Protein chains: 2
Amino acid sequence: MAKSGKLSRPEPRSSKSSAHTRQALVRAAIETLKTDGFARTSARVIACRAGSNQSLIFYHFGSVANLLLAALDEVSADRLERYSATAAQIGSLSQLVDVAEVIFREDLDEGHAAVLAELVSGAASVPGFGTEVAARLRSWTQFAQDAVEKAADSSVLGLSLPSADVAYSLVALYLGLEMLSHLDGDRDRAFALFHRAKQLAALAEVLGFSSPAKEASP
Amino acid sequence: MAKSGKLSRPEPRSSKSSAHTRQALVRAAIETLKTDGFARTSARVIACRAGSNQSLIFYHFGSVANLLLAALDEVSADRLERYSATAAQIGSLSQLVDVAEVIFREDLDEGHAAVLAELVSGAASVPGFGTEVAARLRSWTQFAQDAVEKAADSSVLGLSLPSADVAYSLVALYLGLEMLSHLDGDRDRAFALFHRAKQLAALAEVLGFSSPAKEASP
DNA sequence: GTCTATACTTGGATAGAC
DNA sequence: GTCTATCCAAGTATAGAC
């Protein structure tokens, strides 16, 4: 029987090896999600990969689902921090596309996007899991919205663009592209889209819809 | 042990009840994918829903995976025919958005999108399943490409738009929106996007990027 | 063609020794 | 905290009676 709502941490005593085991399990969970997918990410497989024991997952995290959420947090926190620094420099539509390409390429190459996509698609199989994943996804839609607004501020067209809706669409597109890439194993198809997007962004700037070079220096 | 590649149909003898059972199983599989998701769509659940027996799935389809592909074919064939008739009337950007909205709304409401999304996301768990789903998805990217080209023909901007890439993006967006809708149970969020898209399409036409009223009457 | 019964596998989760 | 051993539920797939 799975805990319905909250996780009941066994009060981590930080007795040196405990933290080590926890981290090993989290890292193994991330790796398994990337390579094997949600359906094959079981307690046994994760523990084996971590060189640990299956029962320790339930001791430290209470359930496999909670471990998976911890894995998502681990991946998200790290990237969100780095990407925010990159996104702060956005001052035009072209730069928005550039940043999006850098992020998407790294996420797809390193498998970060896979972790998110697997949890989003697999959320339906675990009761209450969808809510938790959705909450963590909000950080990313907010990040996308901030990035869009930075680009929109430099554009005449941007004034009429609802940044929240655009951000939501970008996240959906991100997830969809990740899934399609895994489906047919064709990453280049998705990457090619950014090449096109760059051309369109450049075209839009030439047509005068945005001010191409606007350095952000407050 | 699952059959690795092909399905071995037991030479359907069309002895009246056989076809009836097959159809009942296909319909039950579709319904289960919609309501319960890929992970919970098992032979036992499908058979129960069909009022049939679990072992008949293997008798008629060889494996659960083959039944699921048959279910996808059933859903796709029906909709592709109807939607093609609708898409034939596209003569402007606004009409493209209108058609897209009609299709997406029906798919989301009726659960057609769920069937596709569930199979795409669940494809990773069954060896060789991804290839089969990807092949069936190609009908839809082709459909989207045709629709995009119809709209692009009426637009000055369209001349520089790579219809194949745009179509691929639309399919990815479609899948992503479906997944997000299921994640937080918020369908309206996705629907609101079409409202925005309509405004943008109208704006683009006003700005002279496309010829708004171009009746297709050959 | 359809059913019952069952073999076999894998998964989540727990008990209890250490 | 960590391990072994185990329970129990659910899955695919098959055998064989009808």
Side-chain angles (χ1 to χ4, degrees), chain A residues 1-4 7-26 28-29 32-33 36-70 122 124-129, chain B residues 1-4 6-26 28-29 32-33 36-69 122 124-129:
Chain A
M1 184 181 74
K3 306 267 176 51
S4 57
L7 73 168
S8 54
R9 293 246 179 79
E11 198 66 33
R13 292 157 169 276
S14 74
S15 38
K16 58 180 190 287
S17 68
S18 178
H20 180 267
T21 299
R22 283 181 65 95
Q23 196 182 9
L25 288 173
V26 169
T32 307
L33 279 173
D36 297 357
F38 182 86
R40 295 196 142 81
T41 302
S42 66
R44 285 174 164 85
V45 172
I46 295 171
C48 177
R49 190 165 220 146
S52 179
N53 191 280
Q54 182 238 146
S55 62
L56 290 178
I57 289 176
F58 303 95
Y59 175 79
H60 285 288
F61 298 91
S63 70
V64 177
N66 281 335
L67 170 55
L68 264 37
L69 289 178
S125 38
V126 184
F129 202 64
Chain B
M1 187 180 73
K3 304 269 177 52
S4 57
K6 295 277 78 180
L7 72 168
S8 54
R9 296 247 179 78
E11 198 68 33
R13 290 159 172 272
S14 76
S15 39
K16 57 178 188 290
S17 69
S18 177
H20 179 268
T21 299
R22 283 181 65 95
Q23 196 182 10
L25 288 173
V26 169
T32 307
L33 279 174
D36 297 357
F38 182 85
R40 296 196 141 80
T41 303
S42 67
R44 284 175 161 89
V45 173
I46 296 171
C48 177
R49 190 164 220 146
S52 180
N53 191 280
Q54 181 237 148
S55 62
L56 290 179
I57 289 176
F58 303 95
Y59 175 79
H60 285 288
F61 297 93
S63 69
V64 177
N66 281 334
L67 170 56
L68 263 38
L69 290 178
S125 38
V126 184
F129 201 63

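Letters A, B, ... mirror the listed sequences (proteins, then strands); counts begin at 1. These numbers come from a predicted model, not from an experiment.
- Closest to the side chain of Ser55(A), from the set dA15(C), dG1(C), dC3(C), is dA15(C).
- Considering only side-chain N and O atoms, Ser17(A) lies nowhere under 4.0 angstrom from the phosphate OP1 or OP2 of dG1(D).
- In this structure, Asn66(A) atom CG and dG12(C) atom C1' are separated by 13 Å, rounded to whole Å.
- Atom CD in Gln54(B) sits roughly 19 Å away from atom P in dG1(C) (whole-Å rounding).
- Counting to the nearest Å, the C1' atom of dT2(D) and the CZ atom of Phe61(A) are 15 Å from each other.
- The OG atom of Ser18(B) lies 11.5 Å from the CD atom of Gln23(B); values are rounded to the nearest 0.5 Å.
- Within the 4.0 Å cut-off from OP1 or OP2 of dG12(C), not a single side-chain nitrogen or oxygen of Ser63(A) is found.
- Distances from the side chain of Leu56(A) to the nucleotides dC3(D), dG1(C), dA13(D) place dC3(D) closest.
- In this structure, CZ of Phe58(A) is placed 17 Å from C1' of dG16(C), rounded to the nearest angstrom.
- Dashed line: the shortest gap from a side-chain N or O of Ser52(A) to OP1 or OP2 of dT2(D) is not under 4.0 Å.
- Here the side chain of His60(B) is nearest to one of dG1(D), dT2(C), dT14(D), namely dT2(C).
- Annotation: the span from Thr41(B) atom OG1 to Leu67(B) atom CG amounts to 9.5 Å, rounded to 0.5 Å.
- Rounding to the nearest 0.5 Å places OG1 of Thr32(B) at 10.0 Å from CG of Leu25(B).
- Separating the OG1 atom in Thr21(B) from the CD1 atom in Ile57(B) is a distance of 11.5 Å, to the nearest 0.5 Å.
- The CG-P distance, from Leu67(B) to dG11(D), rounds to 15 Å in whole Å.
- Distance CD1 (Ile57(B)) to C1' (dT4(C)): 16 Å, rounded to an integer number of Å.
- The CZ atom of Phe38(B) sits 12 Å away from the C1' atom of dG11(D) (whole-angstrom rounding).
- Between dA15(C), dT2(C), dG1(D), one nucleotide has an atom nearer to the side chain of Tyr59(B) than all others, and that is dT2(C).
- In this structure, the side chain of Arg40(B) engages the main chain of Ser125(A) through a donor-acceptor pair within 3.5 Å.
- As rounded to whole Å, 16 Å separates atom P of dA10(D) from atom CZ of Arg44(A).
- In terms of phosphate contacts, Asn53(A) brings a side-chain nitrogen or oxygen within less than 4.0 Å of OP1 or OP2 of dT4(D).
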